[in-house]
Amino acid sequence: LLEQLQGASPRPHPAPCSFAHWSGPLMEWPLSRLASLAWRHSSATIASQRSRVVVSAGSIAPCSAVSLLPTTPGVVARQQLRCFSSTPVGGSGSETHGGDDIYRVGRLVCDFSVTTNALGPVPAALAAVKELMVDTEMSWITPRGGDVEAILEEVEESPSEQLATAPAVEHYPSRTDSNLEDLTAAFLAGPAGAEAAKQRLIFGNGASELIDLLGRMAPEGPYCISPHVQVQYREYQRACKNAGRKMTSEPKEASVLCLVNPNNPTGDFLERADMEAWIEKNAAPGSWVIVDESMLFWAGPDWYDRGVSDSFIKSMAKRHIQVFLVQSWTKIFSCTGLRIGTVLCPTVEKREMLQAMQVPWSVSVFARGYLKAALQDTDYLLRTWKATPRWRTHMVSRIQRLHPQWDIYGKPWLSWIWIDTKDPEVADSVYQAALDCGCPVRHAKSGYGLPTFIRLAVRRPYDFSVLYQALLKREATKHSTTISFGTYADVHPSVVEGVRLVHIDDLLPHEQVLTDRASKLQDYVKDLPKKILPAIIIDSRYQVVIDGHHRLELFRQAGMTIVPAVSVNYEHEDILVNPPDDERKGISKESVIGSAVKGNLLSPKSTQHMVRSRGGALLPIIVLAPQIAELHR
């Protein structure tokens, strides 16, 4: 694309091609995602170019809003994998997991299928892992000393061979890691209970290894999952089934009770008193109760007071009911590639019993180093507790606005959103749209057997904007037709950040509209033989309407919910609030943004935004707006 924009001969695009094009008289130009490359390139002059626009009942949308890649043969091969199979990826003895779908996209933008921390890996922990590789050396002889004659003989026989030393890689880790045990126990039980908790902790290669171990080592008999949730994390069923256990729906008949709290994927959560009361009422003497609290860490600084208490575990042990608490560290600290989990056993004896049947060295030195550093980074958790609810609210509000008929579940502090679309075909379509834009989501049809449900991980608004564009495009293109628009602006490329789809309720006006002007505009459009209007221009950061308040009102009255907008860098020096010699003084960019964000709208026509062309001329900012044709109700 850059070569073409710089003047190189356009190359024919691969066929078939799944994305929109700029169409000139003799050639077709590929349009990048959100048109940002075409707008930003330093030599690009967007003049008289035409692009396809989708127009449907209630929406106007550029076809290219979320296009990422042409459909090359490699992508076609990957797309052929986009199907649901009754057999999990790992084989008939394993379960389908979020994360598998990242290998089904042509280009991964952001993974919404796994419920890891949206902040990403812990920076301090990554630094600790890197430090493990510092003591590494490459040489042509072994740098450990030895017999000189033997070294010379070695060089003569294989002078070109390189030898390496990397202690963290080539040596077995120690059987125990006292520092890791201390840090983990203090995190889970606090300073007062750390020493006792340390004696009951067992570490594993992710929680999955420990779940499998518990399923094999628990007393013989059937198992039962939580009866008060629609579906739960399936690893417990897999482990018990592989251990030869049968499932029962009656908790008092089970020798193993498997509870996930907070429950993934449904988002159900029982507070401490409710969970302990349920266990006390339903667990039979001699049974094991496994409570997975891996997602409880998101609950906030008081998470420790909301999980099963240590005093309750001890009281149940006296009644011969053994309560085990499972923690997966790969979700909260976003390190699923490293694999580390723990179980806090009810007694030291139960810990020793599990360890006796566990494979040695199941936790790598890298996973250990990562977790030790992550547990000490208190700022990371504070940022998690602050950002996750805010980002989740951001996602939920937009999803509900776009699809008010969908049901959304889960506590506001959880790291995912559980959605019932009410329609299997809709869920399939959303799943495919997410794959197409490089943002895979978890489809509950696979693994959970719920074809109308999908699960979305909470992600940063910046990442969600890509998926949201895909959802907007999917909604906009239903029962659509294709027509064209064009624009004639020659401004600095950094002024315009792209053309994208927006939901009109996401936009913030900064000034009031004149009712009679809006009515006249509507009458004017009705009389046009071919209905053409400029697109709305918005600030890229806050989605404040810079130009097009009356057009926005017209779109709203026409029943449109999704429209294309030109997103501009409002802070750019080439954008002016009013002409230099205008009588309207005292209105700054800050006051425009502030009035919109606070809802204190300026009077109608308080601003007349201008943009400076690359030739130095001041033009009304509306010149940046593509002409949207064929407005239909």
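- Within the 4.5 Å cutoff, the side chain of P262 has heavy atoms near those of the L414 side chain.
- Smallest separation of non-hydrogen atoms from A434 and L467: CB-CD1, 3.8 Å.
- Distance alone, capped at 3.5 Å, places no donor-acceptor pair between the Q232 side chain and the L259 backbone.
- The CG atom of N600 sits 14.0 Å away from atom CD of E511, with the distance rounded to the nearest 0.5 Å.
- Note: I538 CD1 to L508 CG = 9.5 Å, rounded to the nearest 0.5 Å.
- Taken from CG in D101 to CZ in R442, the straight-line distance is 8.0 Å, to the nearest 0.5 Å.
- Across all non-hydrogen atoms, the minimal contact from S334 to Y380 is CB-OH, 4.2 Å.
- Side chains of H394 and R398: a donor on one and an acceptor on the other come within 3.5 Å.
- V231 places a side-chain heavy atom less than 4.5 Å from the side chain of P265.
- Under a 3.5 Å cut-off, the side chain of W385 and the backbone N or O of F297 do form a donor-acceptor pair.
- Applying the salt bridge (Lys or Arg N to Asp or Glu O under 4.0 Å) test to pairs two or more places apart or on separate chains, those with a residue in residues 377-386 are D379-R383.
- L296 approaches W303 most closely through the heavy-atom pair O-CB, 3.4 Å.
- Listed by chain and residue number, D505 satisfy the salt bridge (Lys or Arg N to Asp or Glu O under 4.0 Å) test with R556 (two or more places apart in sequence, or in another chain).
- The aromatic rings of W418 and F453 lie parallel to each other, their planes meeting at an angle below 30°, with 60° marking the opposite boundary.
- The side-chain hydrogen bond (donor to acceptor under 3.5 Å, both in side chains) test applied to W298 returns no partner, not counting sequence neighbours.
- Closest approach of V491 to V495, counting heavy atoms only: CG2-CB, 4.1 Å.
- In this structure, the side chains of D428 and H443 come closer than 4.5 Å at one or more pairs of heavy atoms.
- Aromatic pair Y570/H609: ring centres closer than 6.0 Å.
- Atom OG1 of T266 sits about 8.0 Å away from atom CG of N264, to the nearest 0.5 Å.
- More than 12 heavy-atom neighbours from other residues, nucleotides or ligands sit within 6.0 angstrom of CZ on R390.
- For the pair S595 and L602, the tightest heavy-atom approach, listed with the atom from each and the gap, is OG-CG, 3.9 Å.
- Listed by chain and number, the residues in a side-chain contact (heavy atoms from CB on, under 4.5 Å) with S429 are R474 (sequence neighbours excluded).
- The shortest distance between side-chain heavy atoms of I504 and I536 does not fall below 4.5 Å.
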Test side chain to side chain contact (heavy atoms under 4.5 Å, CB included) applied to W391 and L119, step by step: CA-CA 11 Å; W391 293 347; L119 293 179; 3.8 Å; yes
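- Considering only heavy atoms from C-beta on, Q543 comes within 4.5 Å of L507 through its side chain.
- Listed by chain and number, the residues in a side-chain contact (heavy atoms from CB on, under 4.5 Å) with S294 are D292, S328 (sequence neighbours excluded).
- Remark: side-chain polar atoms of R455 are paired, donor with acceptor, to backbone N or O of S113 under 3.5 angstrom.
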From CA spacing to verdict: side chain to side chain contact (heavy atoms under 4.5 Å, CB included), D463, V109: CA-CA 8 Å; D463 296 320; V109 175; 5.5 Å; no
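- Partners of D407 under the salt bridge (Lys or Arg N to Asp or Glu O under 4.0 Å) rule, at least two apart in sequence or in another chain, are K422.
- In this structure, the salt bridge (Lys or Arg N to Asp or Glu O under 4.0 Å) partners of D547, at least two apart in sequence or on a different chain, are R551.
- The line from CD1 of I417 to OG1 of T393 is 9.0 Å long, rounded to the nearest 0.5 Å.
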side-chain hydrogen bond (donor to acceptor under 3.5 Å, both in side chains) assessment of T384 paired with N117: CA-CA 7 Å; T384 297; N117 198 321; 2.8 Å; yes
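- Every residue meeting the salt bridge (Lys or Arg N to Asp or Glu O under 4.0 Å) condition with R612, not counting sequence neighbours, appears here in chain and number order: D574.
- For the residue pair Q432/D436, the side-chain donor-acceptor check at 3.5 Å is satisfied.
- Counting only heavy atoms from C-beta outward, the side chains of P440 and L108 approach each other to under 4.5 Å.
- Using a 4.5 Å heavy-atom threshold, the side chains of L471 and V430 count as touching.
- Every ring pair (Phe, Tyr, Trp, His ring centres under 6.0 Å) that W413 has, sequence neighbours left out, goes to F269.
- Using a distance-only test at 3.5 Å, with no hydrogens or angles considered, a donor-acceptor pair links the side chain of H510 to the main chain of V545.
- Environment of CD in Q405: crowded, with over 12 heavy atoms of neighbouring residues, nucleotides or ligands closer than 6.0 Å.
- Not one N or O on the side chain of K331 forms a donor-acceptor pair closer than 3.5 Å with the backbone of S415.
- In this structure E293 satisfies the side-chain hydrogen bond (donor to acceptor under 3.5 Å, both in side chains) test with no other residue, sequence neighbours excluded.
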Criterion side chain to side chain contact (heavy atoms under 4.5 Å, CB included) on L456 and I399, from CA distance to verdict: CA-CA 11 Å; L456 275 64; I399 293 170; 3.9 Å; yes
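- Residues that satisfy the side-chain contact (heavy atoms from CB on, under 4.5 Å) test with A374, not counting sequence neighbours, are V122, A125, F333, Y370.
- Partners of T452 according to the side-chain contact (heavy atoms from CB on, under 4.5 Å) rule, which considers only residues two or more places apart in sequence or in another chain, are D420, T421, P424.
- Using a distance-only test at 3.5 Å, with no hydrogens or angles considered, no donor-acceptor pair links the side chain of R500 to the main chain of S567.
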Stepwise side chain to side chain contact (heavy atoms under 4.5 Å, CB included) check, T336 with V114: CA-CA 9 Å; T336 55; V114 292; 5.7 Å; no
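- For the pair H550 and K605, the minimum side-chain heavy-atom distance is below 4.5 Å.
- Between the side chain of R272 and the main chain of G307, a donor-acceptor pair closer than 3.5 Å is present.
- Under a 3.5 Å cut-off, the side chain of S606 and the backbone N or O of S603 do form a donor-acceptor pair.
- Taking both residues in full, the closest heavy atoms of N263 and W416 are given as O-CZ2, 3.2 Å, listed atom of the first, atom of the second, then distance.
- Atom OG1 of T561 and atom CZ of F555 lie 12.0 Å apart (nearest 0.5 Å).
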Residues T116, R459; criterion side-chain hydrogen bond (donor to acceptor under 3.5 Å, both in side chains); working and verdict: CA-CA 9 Å; T116 50; R459 291 294 180 255; 3.0 Å; yes
